[in-house]
Asks: 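Below is the structure I would like to discuss, written out as structure tokens.
We name chains A, B, ... by the order of the sequence lines, and we start the count at 1 in each one. A quick note: this is a predicted structure, and the numbers were derived from the prediction, not measured.
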Amino acid sequence: MQQVRVRFAPSPTGPLHIGGVRTALYNYLFARKNNGTFILRIEDTDQTRFVDGAEEYIMESLKWCGITVDEGINEGGKYGPYRQSDKKDIFRQYADLLIDKNDAYYAFDSRDQLDKLRKDADKEGKTFIYNASARNSRQNSLSLPEAEWKQRLKDGAPYVIRYRMPLNEDIHFDDLIRGHIVVNTSTLDDKVLFKSDGMPTYHLANIVDDHLMEISHVIRGEEWLPSLPLHIMLYRSFGWDAPLFAHLPLLLKPDGEGKLSKRDGDKMGFPVFPLYWPYGETAKGYREEGYYPEAFINMLALLGWNPGTEKEIFSMSELIDAFSIDRVHKSGSRFNPEKAKWFNHQYLMQRTNKQLAIEFREFLRIQGFHHDIGQIETLVGLVKDRVSFVSEIWNETDFFFKSPETYDKDAIKKRWKPETPAQLLELKEVLAGIEDFKPDAMESKVKSWIEAKGYNTGAIMNAFRIVIVGASRGPHMFDIISWLGKEETLKRIDKGVSVIGKSL
RNA sequence: GGUCCAUUCGUCUAGUGGCUAGGACGUCAGGUUUUCAUCCUGGUAACAGGGGUUCGAUUCCCCUAUGGACUACCA
């Protein structure tokens, strides 16, 4: 088998969305699986849509995801330049080559003229196609006398170079995911290959670049499938062997209306981008929402591909091991925010308490709390199975850091009895007498006290929880008070009994 | 409108010419728990429809329906 070389080729028109990340991921997995090369190529042939910062955003996104680039603008490589605008002269040469072969021609029609033709055709319920049946009545080097179009070129009249699509010919080709496809050239038009601004269009640039970079497999989104016949024709015109093609299914909007787009931003309640986009209309990113890159990648990998086993948690190297193109689906898939959270929870659970403590300490710092890392470690161990994100740990542990300011009314209504205050003050004395403020030791002492007095365990413990936590929530009571320490625990009992007593 | 692509539980999916059509997320119920979660157990729920082919089709073929992509001097 030929050396595997694949490319991810985004255009820097804004932040890369998760569909693009998945395309990059599948290219990357395929390259690694086959000991191939993963290339990042920037397709910036549309000068009008160029967005500052997008190129860096793309690179940073891949880096965050753990997708490492072998050849690219930063990495170098002997197939450069890796930014298409840096080689527009080369593309021009290839466009000229097609003209010489009579497979392309100059066209002078203005944008307005063509727009009008399209609109007029539309009014009659027809479609204007710039192809063999139309080109003779247009202004181009095929219809105009040679002297005239040469004069126009000499005069510097604006023109584009179009591909001369043959009439009524069946083009056969294969897609690694979709199988054999046949399209008749009569339904295709004479696509513009080279624009009047001196830049190639995508169609020319991607064929020439893929050839020059010796790309072996083109793995890209399904939206490119309709232009594949044109691309096949271009390879044929140049006399080049075409790479193998695999068109990936689309990522759909969660509300079931078409493909996911950048505009879907935050409105569905989940990010569409890997990272925060700081320019213009800003957008949230998975990184800033607290997702682990491993979880994000794991989730994305399983959206449109499946190894055929029931295994769901995959590290990047496991993905590389298991990945194959022929197990990529044909139909589009919808993203499920709930499952994304579940994935993150799985990865959070895999972290050690120490790692989580280090991460959570940053959140505490923002809240103005500074605790020993060992203490935080104990704390996250108590609540990690309740959260999907590190940021959620605060919601589960706020009462560790500050004494309750209010006490949940429903909890009081349900758990606070006339005898409760007296019992809690008794409990306070029991706790005051305990030297070793460890969960297990306290639990047995408190329980034997409850038993000796003939009290109801549930009643005591729930009321106790209210004065310590302020509500009916949180981890095991003895874990909580052990962490708080004796002094704070006794203080909270006094405060709770007093404040709740006044409110009744 | 034209061309092309697709169609298994609500979602992501497994799967086969003959199965009680499997799993995960969600959801519901029960259990565990001093609370809330977690956890455990169980339930719910799908082969788009119609024709063929076949002894037998969810699986193969055709048609229809539905969904989607493309239809720019954008990628």
Side-chain angles (χ1 to χ4, degrees), chain A residues 9-13 43-46 48-49 107 109-111 114-115 118 121-122 124-130 158-162 175 177-179 181-184 186-189 191-197 199-203 205-206 220-229 247 249-250 252 254 256-259 299 302-312 329-343 345 349 383-387 396 408 411 414-415 443 446-447 450 456-466 469 471-478:
Chain A
S11 59
T13 55
E43 305 212 332
D44 58 345
T45 53
D46 186 349
T48 62
R49 293 207 308 159
D109 315 272
S110 73
R111 242 179 265 246
L114 295 176
D115 281 349
R118 289 198 183 90
D122 204 43
E124 295 174 39
K126 293 175 186 164
T127 309
F128 170 74
I129 306 181
Y130 201 125
Y159 66 90
V160 298
I161 297 174
R162 285 182 181 271
D175 182 272
I177 294 169
R178 279 145 225 287
I181 299 170
V182 184
V183 176
N184 189 284
S186 296
T187 64
L188 271 21
D189 56 357
K191 274 275 180 284
V192 172
L193 301 178
F194 206 84
K195 300 182 270 189
S196 55
D197 66 358
M199 281 284 194
T201 61
Y202 170 83
H203 303 293
N206 107 85
R220 81 237 283 200
E222 189 189 320
E223 68 268 28
W224 294 110
L225 202 52
S227 57
L228 183 53
H247 287 86
L250 264 17
L252 274 17
E257 293 267 323
K259 70 169 178 177
M299 165 204 85
L302 260 20
L303 229 46
W305 169 84
N306 177 296
T309 64
E310 286 181 0
K311 183 176 163 71
E312 288 202 278
H329 301 152
K330 291 176 175 166
S331 49
S333 42
R334 194 159 292 125
F335 176 82
N336 181 198
E338 288 302 321
K339 187 114 188 205
K341 282 183 190 169
W342 178 82
F343 271 112
H345 176 73
M349 291 301 286
V383 298
K384 65 193 275 195
D385 60 0
R386 299 161 176 264
V387 299
E396 301 295 329
D408 186 73
K414 190 172 172 191
R415 309 287 188 187
E443 183 162 0
V446 169
K447 282 196 166 160
I450 290 174
N456 178 293
T457 308
I460 298 286
M461 295 309 295
N462 283 303
F464 188 26
R465 181 176 292 279
I466 291 172
V469 174
S472 284
R473 63 186 176 104
H476 193 57
M477 272 313 293
F478 295 102

Asks: Salt bridge (Lys or Arg N to Asp or Glu O under 4.0 Å) between A:Lys339 and A:Glu312: does it pass, once the steps are laid out?
Replies: CA-CA 11 Å; A:Lys339 187 114 188 205; A:Glu312 288 202 278; 2.9 Å; yes
Asks: Under a 3.5 Å cut-off for both contacts, is B:rU32 paired Watson-Crick or G-U wobble with anything, and if yes, with which nucleotide?
Replies: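 Check on B:rU32: unpaired, no WC or wobble geometry under 3.5 Å.
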Asks: Under a 3.5 Å limit for both distances, which nucleotide forms a Watson-Crick or G-U wobble pair with B:rG1, could you say?
Replies: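 Base partner found: B:rU71.
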Asks: What distance do A:Phe128 atom CZ and A:Leu114 atom CG have between them, rounded to the nearest 0.5 Å?
Replies: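 Those atoms lie 5.5 Å apart.
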Asks: In Watson-Crick or G-U wobble terms, both distances under 3.5 Å, what is the partner of B:rU58?
Replies: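 Paired with no nucleotide.
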Asks: Taking side-chain contact (heavy atoms from CB on, under 4.5 Å) as the test, write out the residues that go with A:Thr187, two or more places apart.
Replies: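 With sequence neighbours excluded, A:Thr187 shows a side-chain contact (heavy atoms from CB on, under 4.5 Å) to A:Val183, given in chain and number order.
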Asks: Can you see which heavy atom on A:Ile466 is nearest to which on A:Arg415, and at what distance?
Replies: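 So the minimum-distance heavy-atom pair works out to CD1-CB, 3.7 Å.
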Asks: Please state the P separation for the pair B:rG68 and B:rU44 - nearest whole angstrom.
Replies: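 The same atom, P, in both gives a distance of 32 Å.
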Asks: What residues, two or more places apart in sequence or in another chain, satisfy side-chain hydrogen bond (donor to acceptor under 3.5 Å, both in side chains) together with A:Lys330?
Replies: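 Per chain and number, A:Lys330 pairs via side-chain hydrogen bond (donor to acceptor under 3.5 Å, both in side chains) with no residue.
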Asks: Do A:Tyr159 and A:Asp109 have side-chain atoms, one donor and one acceptor, less than 3.5 Å apart?
Replies: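 Side chains of A:Tyr159 and A:Asp109: no pair found under 3.5 Å.
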Asks: Are there any protein N/O atoms within less than 3.5 Å of an N/O atom in nucleotides 61-66 of chain B, and if so, which ones and at what distance?
Replies:
none

Asks: Sugar-phosphate atoms are those with a prime plus P, OP1 and OP2; base atoms are the rest. Using that split, label each nucleotide of nucleotides 30-50 of chain B B, S or - for protein heavy atoms under 4.0 Å, 5' to 3'.
Replies: ----BBBBS------------
Asks: Using the 3.5 Å cut-off, write out each protein N or O paired with an N or O of nucleotides 72-75 of chain B and the distance between them.
Replies:
residue	atom	partner	partner atom	Å
B:rA72	OP2	A:Arg118	NE	3.4
B:rC73	OP2	A:Arg162	NH2	3.4
B:rC73	O2'	A:Arg111	NH1	2.9
B:rC73	O2	A:Ser196	N	2.8
B:rC73	O2	A:Ser196	OG	2.6
B:rC73	N3	A:Ser196	OG	3.0
B:rC73	N4	A:Asp109	O	3.4
B:rC74	OP2	A:Lys195	NZ	3.1
B:rC74	O2'	A:Asp46	OD2	2.9
B:rC74	O2'	A:Arg49	NE	3.3
B:rC74	O2'	A:Arg49	NH2	3.2
B:rC74	O2	A:Arg49	NH2	3.4
B:rA75	OP1	A:Thr45	OG1	3.0
B:rA75	OP1	A:Lys195	NZ	2.6
B:rA75	OP2	A:Tyr202	N	3.1
B:rA75	O3'	A:Glu43	OE1	3.0
B:rA75	O2'	A:Ser11	OG	2.9

Asks: With a 3.5 Å limit on both atom pairs, tell me what B:rU11 is paired to, counting Watson-Crick and G-U wobble, or say none.
Replies: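 In the structure as shown, B:rU11 has B:rA24 as its Watson-Crick or wobble partner.
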Asks: At under 4.0 Å between heavy atoms, how does the protein contact nucleotides 4-17 of chain B? Give one character per nucleotide, 5' to 3', with B, S or -.
Replies: SSSS---SSSSS--
Asks: Could you check if a side-chain atom of A:Tyr202 sits within less than 4.5 angstrom of a side-chain atom of A:Glu43, using non-hydrogen atoms only?
Replies: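 In contact.
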Asks: Could you report the tightest heavy-atom contact between A:Asn456 and A:Ala459, atom names first, then the distance?
Replies: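 Taking every non-hydrogen atom into account, OD1-N, 2.8 Å.
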Asks: Just name whichever nucleotide pairs with B:rA6, Watson-Crick or G-U, keeping both distances under 3.5 Å, else none.
Replies: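 B:rU66 is the nucleotide pairing with B:rA6.
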Asks: Could you check whether A:Arg473 pairs with A:Glu396 (Lys NZ or Arg NE/NH1/NH2 to Asp/Glu carboxylate O, under 4.0 Å)?
Replies: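 Result for this pair is no, no salt bridge flagged.
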Asks: Rounded to whole Å, please give me the gap between CH2 in A:Trp342 and P in B:rG23.
Replies: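 Distance, rounded to whole Å: 14 Å.
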Asks: Quick check: closest heavy atoms across A:Pro249 and A:Ser331, and the distance to 0.1 Å?
Replies: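 So the two residues come closest at CB-O, 3.2 Å.
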Asks: Where do A:Thr45 and A:Pro200 come nearest, in terms of heavy atoms and distance?
Replies: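 Nearest heavy atoms, A:Thr45 then A:Pro200: CB-O, 3.4 Å.
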Asks: Passes side chain to side chain donor-acceptor pair (under 3.5 Å), A:Arg220 versus A:His247? Steps please.
Replies: CA-CA 5 Å; A:Arg220 81 237 283 200; A:His247 287 86; 3.0 Å; yes
